[in-house]
Visitor: 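Pasting a structure below so you can have a look.
Because the structure is predicted, anything quoted here is derived from the model rather than measured. Quick note on labels: first sequence line is chain A, next is B, and so on, each numbered from 1.
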2 protein chains.
Amino acid sequence: MDVRQLRMLRELAERGSLSAAAAALHLSPSAVSQQLAALQRAAPVPLTEKRGRRLALTAAGQALAEAAVDVAAALDRAERAVQEHLESPAAPVAVCAFHSAARAWFPPLLEAVAAAGGPPLRCSDHDVAQDDFPRLVADHDLVVAHRPSSGPPWPRRTVRVVPLLSEPMLVAHSAQHPLARSRTLRVADVADQPWIGVHEGYPLAGALQAVAVAAGRPLEVVHRINEFFVAAAVVATGRAVALLPAHTTHPDPRLVLRPLEDLDVRRSIDVLCRPEALHRRSVRQVLDLLHAVAAPPAA
Amino acid sequence: MDVRQLRMLRELAERGSLSAAAAALHLSPSAVSQQLAALQRAAPVPLTEKRGRRLALTAAGQALAEAAVDVAAALDRAERAVQEHLESPAAPVAVCAFHSAARAWFPPLLEAVAAAGGPPLRCSDHDVAQDDFPRLVADHDLVVAHRPSSGPPWPRRTVRVVPLLSEPMLVAHSAQHPLARSRTLRVADVADQPWIGVHEGYPLAGALQAVAVAAGRPLEVVHRINEFFVAAAVVATGRAVALLPAHTTHPDPRLVLRPLEDLDVRRSIDVLCRPEALHRRSVRQVLDLLHAVAAPPAA
DNA sequence: AGCGGCCCTTTAGCATCGCTTCATGGACGT
DNA sequence: ACGTCCATGAAGCGATGCTAAAGGGCCGCT
């Protein structure tokens with residue numbers, strides 16, 4: 001039972017002649033005639049009959065034509081099904097972020113989305129090696145990722161990148177640290193300090209590398225700590241310095257965060273997603289709210 | 001949006017892998033892959049994605065697959081639509097009969113069909129030239145027709161013929177007629193009477209012709225009257241004789257109806273219909289009841 | 001880590017199908 | 001009786017959907 005043939009039957013029913021139906025379908029009368037003949041083969045009783053020189057439907061044909069209406073309607077709905085899914089506010093939106101971004105933005109984002117009557121959120125934190133961030137888009141609609149601004153960009157082929165924030169990376173040292181005495185900080189001032197770096201391959205490894213390049217020699221990395229709040233606690237002991245993000249680091253009276261005068265070290269915080277993810281209205285809405293939430297304080 | 005492609009998508013959703021879907025559809029995996037690719041072209045977002053080495057549906061694909069269920073259901077209903085129409089007790093059955101049959105059987109048939117909970121009836125009387133009876137099946141499900149038993153049969157090619165009754169044709173003459181004095185009636189007795197015939201081409205013309213043939217000479221047909229009750233009234237005047245059917249003629253004390261001893265003149269009363277008309281349960285039911293109603297009195 | 005198997009995709013080639021054009025045969029109106 | 005309109009059938013062509021075979025990714029096994 002072919003949909004095209006059913007459509008032809010309906011057209012014949014409504015137009016009253018095979019020629020008119022063919023014209024409406026942009027086909028030759030012969031084509032319609034042949035297809036109706038094929039449809040007839042599957043039916044035990046005649047569906048059409050000649051009335052004068054026109055072709056008309058029998059009662060059985062009319063019964064079939066009426067059933068064909070439902071088929072066409074169901075097909076219409078199927079064609080819209082994907083689009084409706086894209087517009088649907090009921091489907092959850094999965095967001096993931098690296099730890100510090102998650103800590104800073106998940107709470108206000110959940111509030112904002114709820115306040116806006118947005119979709120249900122599925123939040124999860126994932127801190128992975130830089131190369132692994134793009135793969136997270138397979139399981140999450142929006143992936144908040146970061147990388148050193150000086151490093152290699154995200155692979156534009158496979159993921160869409162929406163910039164969220166460009167955040168300065170500051171040198172963090174203890175308030176009691178000798179560096180605290182100098183008014184400004186330069187690369188040369190910190191090049192010989194014991195550093196806290198991140199694990200190999202993790203996003204901000206390149207940031208510290210930029211300092212080393214500017215200093216002209218390798219830095220002494222004595223600790224490898226990915227979590228900024230852990231690193232901050234170690235920095236507070238005064239036994240090492242670290243590069244910490246300006247905005248997303250929790251204020252701590254025991255720490256001093258200062259920029260390097262002669263080197264602009266930054267990290268880029270971006271939202272990665274599959275291109276098709278942005279087709280979903282809900283995902284766009286969450287992304288917009290994420291932008292609002294992540295906007296650096298006006299002050 | 002092709003139904004076959006939607007079916008493949010559903011099968012993929014339910015079987016969990018393209019190969020399994022292909023096997024279920026009795027197709028090669030390649031065919032399914034190509035058709036799904038074609039379906040994908042019509043969608044703005046991916047419908048499938050590789051999960052491990054299997055192919056799985058995305059959320060959008062699942063939305064479409066669900067819509068495809070309705071399409072399949074509607075198609076199923078369409079395929080049954082014709083059959084259901086054939087079984088439907090609601091569709092009216094159109095019956096037509098020549099006048100005397102209509103007068104005799106329409107009332108009891110209506111009663112019988114109503115008593116049996118049968119379909120609504122559309123009765124109409126049509127007395128037409130013999131050649132025109134077969135054409136009536138275009139507008140009526142059942143056509144009660146008659147013809148001289150000795151004449152040409154109905155065209156079996158175009159219509160189905162269901163015998164209803166074989167009815168003797170009797171010579172009708174006035175009770176006061178000289179013929180009333182003879183104990184039996186033979187062809188020779190009536191060959192010289194003034195006859196009432198039917199109009200040219202009408203079904204029972206051939207019956208009178210049979211008498212003429214037996215007599216070996218043309219009969220003198222002084223009146224041409226199709227309606228038996230009109231003919232009966234004229235016969236009652238004693239001025240002419242006629243051939244009238246044995247059972248469907250209304251009893252009249254002024255008339256005598258007697259068979260010819262040496263010639264069996266009969267008419268066949270048949271039901272004509274299109275072959276497909278008998279596919280309808282309702283039509284068969286009415287036909288059965290018509291048989292019961294038309295059964296000659298047991299006496 | 002290497003390897004074999006499973007699964008999906010791609011390509012090429014083939015059979016079928018559906019369409020158009022052209023020709024034929026009825027039915028209607030003039 | 002003719003011309004017109006309508007539906008159908010035959011022939012041919014292009015498109016489509018299939019199979020088979022080759023290719024590549026992913027997994028599990030050793």
Side-chain angles (χ1 to χ4, degrees), chain A residues 1-43 46-58 61 65 68 131-132 134-139 155 157-158, chain B residues 1-43 46-58 61 65 68 131-132 134-139 155 157-158:
Chain A
M1 184 88 31
D2 184 24
V3 175
R4 296 174 45 80
Q5 296 171 352
L6 290 178
R7 173 146 172 66
M8 292 181 185
L9 191 74
R10 274 189 68 196
E11 213 65 49
L12 173 60
E14 287 168 12
R15 311 267 170 186
S17 87
L18 186 143
S19 302
L25 293 164
H26 304 291
L27 290 173
S28 67
S30 179
V32 177
S33 178
Q34 291 174 54
Q35 289 307 305
L36 288 181
L39 183 64
Q40 179 65 78
R41 267 174 240 134
L47 302 172
T48 58
E49 62 188 357
K50 297 201 71 159
R51 274 234 262 279
R53 51 184 169 185
R54 313 178 98 86
L55 195 69
L57 296 192
T58 62
D131 293 345
D132 293 334
R135 273 195 274 281
L136 291 177
V137 299
D139 293 320
R157 294 280 164 214
T158 60
Chain B
M1 185 83 35
D2 183 25
V3 175
R4 298 172 44 80
Q5 296 171 353
L6 290 178
R7 174 149 172 63
M8 293 181 185
L9 192 73
R10 273 189 69 196
E11 214 66 48
L12 173 60
E14 287 169 14
R15 312 264 170 189
S17 88
L18 186 144
S19 300
L25 294 164
H26 303 290
L27 289 174
S28 67
S30 177
V32 178
S33 178
Q34 291 174 57
Q35 291 306 306
L36 288 180
L39 182 64
Q40 180 64 78
R41 268 175 239 132
L47 303 172
T48 59
E49 62 188 357
K50 298 201 72 161
R51 275 233 263 279
R53 49 186 169 186
R54 311 177 99 87
L55 194 69
L57 267 58
T58 62
D131 293 345
D132 292 334
R135 273 194 274 281
L136 291 177
V137 299
D139 292 321
R157 296 276 165 218
T158 59

Visitor: I need the full list of salt bridge (Lys or Arg N to Asp or Glu O under 4.0 Å) pairs touching residues 12-36 of chain B, with sequence neighbours left out, sorted by first then second residue.
Guide: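 Matches after skipping sequence neighbours: B:Arg10-B:Glu14, B:Glu11-B:Arg15.
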Visitor: Flag the pair A:Leu12 / A:Val32 as yes when at least one side-chain heavy-atom distance between them is below 4.5 Å, and no otherwise.
Guide: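 Contact flag for A:Leu12/A:Val32 side chains = no.
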Visitor: Might you point out which heavy atoms bring B:Leu9 and B:Gly61 nearest each other, and give the distance in Å?
Guide: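 Heavy atoms of B:Leu9 and B:Gly61 come nearest at CD2-O, 3.6 Å.
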Visitor: Report the distance from atom NZ of A:Lys50 to atom P of C:dG25, rounded to the nearest whole Å.
Guide: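 For the pair A:Lys50 NZ and C:dG25 P, the rounded distance is 13 Å.
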Visitor: Is the shortest side-chain heavy-atom distance between B:Gln35 and B:Leu27 below 4.5 Å?
Guide: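 Of all side-chain heavy-atom pairs linking B:Leu27 with B:Gln35, none is under 4.5 Å.
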Visitor: Quickly work out the A:Arg51 CZ to C:dC28 P distance and round it to whole Å.
Guide: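 It is 13 Å, rounded to the nearest whole Å.
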Visitor: On DNA chain C, check which nucleotide each of B:Ser19 and A:Ala38 is closest to and give me the residue with the more 5' one.
Guide: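 With B:Ser19 and A:Ala38 compared, the 5'-side residue is B:Ser19.
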Visitor: Roughly, in whole Å, what's the span from CZ in B:Arg53 to P in C:dG4?
Guide: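 The answer, rounded to whole Å, is 15 Å.
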Visitor: If I take atom CG from residue A:Leu39 and atom CG from residue A:Asp2, how far apart are they, to the nearest 0.5 angstrom?
Guide: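 Those atoms lie 8.5 Å apart.
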Visitor: Could you identify which residues of residues 8-17 of chain A place a heavy atom less than 4.0 Å from some atom of DNA chain D, listed by residue number, or say none?
Guide: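 Per residue number, the list reads A:Ser17.
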Visitor: Once you round it to whole Å, what is the distance between C1' of C:dG26 and CZ of A:Arg54?
Guide: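 One finds 15 Å between C1' of C:dG26 and CZ of A:Arg54, rounded.
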Visitor: Atom CD of B:Gln34 to atom C1' of C:dT9: distance rounded to whole Å?
Guide: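 About 9 Å, once rounded to whole Å.
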Visitor: Between C1' on C:dT16 and CZ on B:Arg4, what's the gap in Å once rounded to a whole number?
Guide: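 Distance check: B:Arg4 CZ to C:dT16 C1' gives 12 Å.
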Visitor: Of all nucleotides in DNA chain D with an atom under 4.0 Å from a non-hydrogen atom of chain A, which is the first and which the last going 5' to 3'?
Guide: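 Contact span on the strand: D:dT4 to D:dA10.
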Visitor: Taking the side chain as C-beta and beyond, is there a heavy-atom pair between B:Leu55 and B:Glu49 under 4.5 Å?
Guide: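 No, too far: nothing below the 4.5 Å cut-off.
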Visitor: In this structure, how many angstroms lie between the P atom of C:dC17 and the CD atom of A:Gln5, rounded?
Guide: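 For the pair A:Gln5 CD and C:dC17 P, the rounded distance is 12 Å.
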Visitor: Whole angstrom is fine here: how far is it from CG in B:Leu27 over to P in C:dC8?
Guide: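 It works out to 14 Å between those atoms.
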Visitor: Can you see if the side chain of B:Ser30 gets near the phosphate of C:dT9 - specifically, an N or O under 4.0 Å from OP1 or OP2?
Guide: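 No.
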Visitor: So, do B:Met1 and B:Gln5 sit near enough that their side-chain heavy atoms are less than 4.5 Å apart?
Guide: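 A side-chain contact under 4.5 Å is absent here.
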Visitor: With distance as the sole test, does B:Thr58 use its side chain to make a donor-acceptor pair with the main-chain N or O of B:Leu47 at under 3.5 Å?
Guide: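 A pair under 3.5 Å: yes.
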Visitor: Side-chain contact test, heavy atoms from C-beta onward, threshold under 4.5 Å: evaluate it for B:Leu18 versus B:Leu36 and give yes or no.
Guide: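 Counting from C-beta outward, B:Leu18 and B:Leu36 do come under 4.5 Å.
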